[in-house]
Amino acid sequence: MRILLATMQYGEGYTQGTERYVATLADAMRRRGHQVAVLAGDPMNRCGSRRLGECVDEERGIYAYPTRGWMTVMGAPPRKLFGFLRRWRPDVVHLNTPAHVGVGLAIAARALRIPLVVTLHDFWWTCPKGTLLRGDGAVCDGTPGWPGCARCIAADHPRAWLRRFGRLPAVLSPLPLLMFFARAAG
């Protein structure tokens, strides 16, 4: 069986939980005689800029899957993934933690009638930070609404001026954040 594992980050220097899971699964499937490839993001740009499907590590079967940031929803458009899927011809696609890469691969696999498995290793679908942890360390119930999410994101943002907005009273904090995100998106 030809198995395509896909994940937000993988390869040299990526050793967190999802990466360990994907590596263990790939090794186990290879030992059982399956052909396995990993289509993986590189959000830290450790391997330099690569095109979609470009071979990163031939021995380990790792191919580049350009990342688009933590808040990515679609990622690479399905039409751009069709070529890689048709060339590699997987019997099944297993998408692990779609943060940074989005759901474009899932849509492409479904369109090409390739069976799809999605394994979530965090709360990416529910929480923009993927953790369900608020800035103060408290556990979020996943239902704070966008003003609560905006304050949470700001609370531990790397930019100090944005962190200050996260500490404003709830009624005031979303306004400057909305202006900031509107400018950043436009």
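We count residues from 1, following the sequence as given.
You'll find the side chain of Leu120 stays beyond 4.5 Å of the side chain of Thr97, heavy atoms only. Annotation: side chain of Leu85 is in contact with side chain of Val93 (closest heavy-atom distance under 4.5 Å). Using a 4.5 Å heavy-atom threshold, the side chains of His94 and Leu4 count as separate. At least one side-chain heavy atom of Leu52 sits under 4.5 Å from a side-chain heavy atom of Leu81. With contacts defined as side-chain heavy-atom distances shorter than 4.5 Å, the pair Met1/Met29 does not qualify. Contact check for Tyr63 versus Trp88: side-chain heavy atoms found under the 4.5 Å cut-off.
Residues satisfying the side chain to side chain contact (heavy atoms under 4.5 Å, CB included) test with Arg89, not counting sequence neighbours, are Arg2. Arg110 meets the salt bridge (Lys or Arg N to Asp or Glu O under 4.0 Å) test with no other residue; sequence neighbours excluded. Scored by the side chain to side chain contact (heavy atoms under 4.5 Å, CB included) test, Arg86 finds Phe82, Leu112 as partners (sequence neighbours excluded). Under the rule for a salt bridge (Lys or Arg N to Asp or Glu O under 4.0 Å), the partners of Glu54 that lie at least two apart in sequence or sit in another chain are Arg50, Arg51. Residues that satisfy the salt bridge (Lys or Arg N to Asp or Glu O under 4.0 Å) test with Arg60, not counting sequence neighbours, are Asp57.
Leu39 and Leu25 sit in two unconnected hydrophobic clusters of ILVMFWY residues. Membership requires side-chain heavy atoms under 4.5 Å apart, directly or through other members.
Note that SG of Cys127 is 7.5 Å distant from CG of Leu133, once rounded to the nearest 0.5 Å. Going from atom CG of Asp91 over to atom CD1 of Ile114 covers 9.0 Å, rounded to the nearest 0.5 Å.
In this structure a side-chain-to-backbone donor-acceptor pair under 3.5 Å is missing from Thr67 to Val101.
Pairs passing the ring pair (Phe, Tyr, Trp, His ring centres under 6.0 Å) check and including a residue from residues 21-49, sequence neighbours excluded, read Tyr21-His121.
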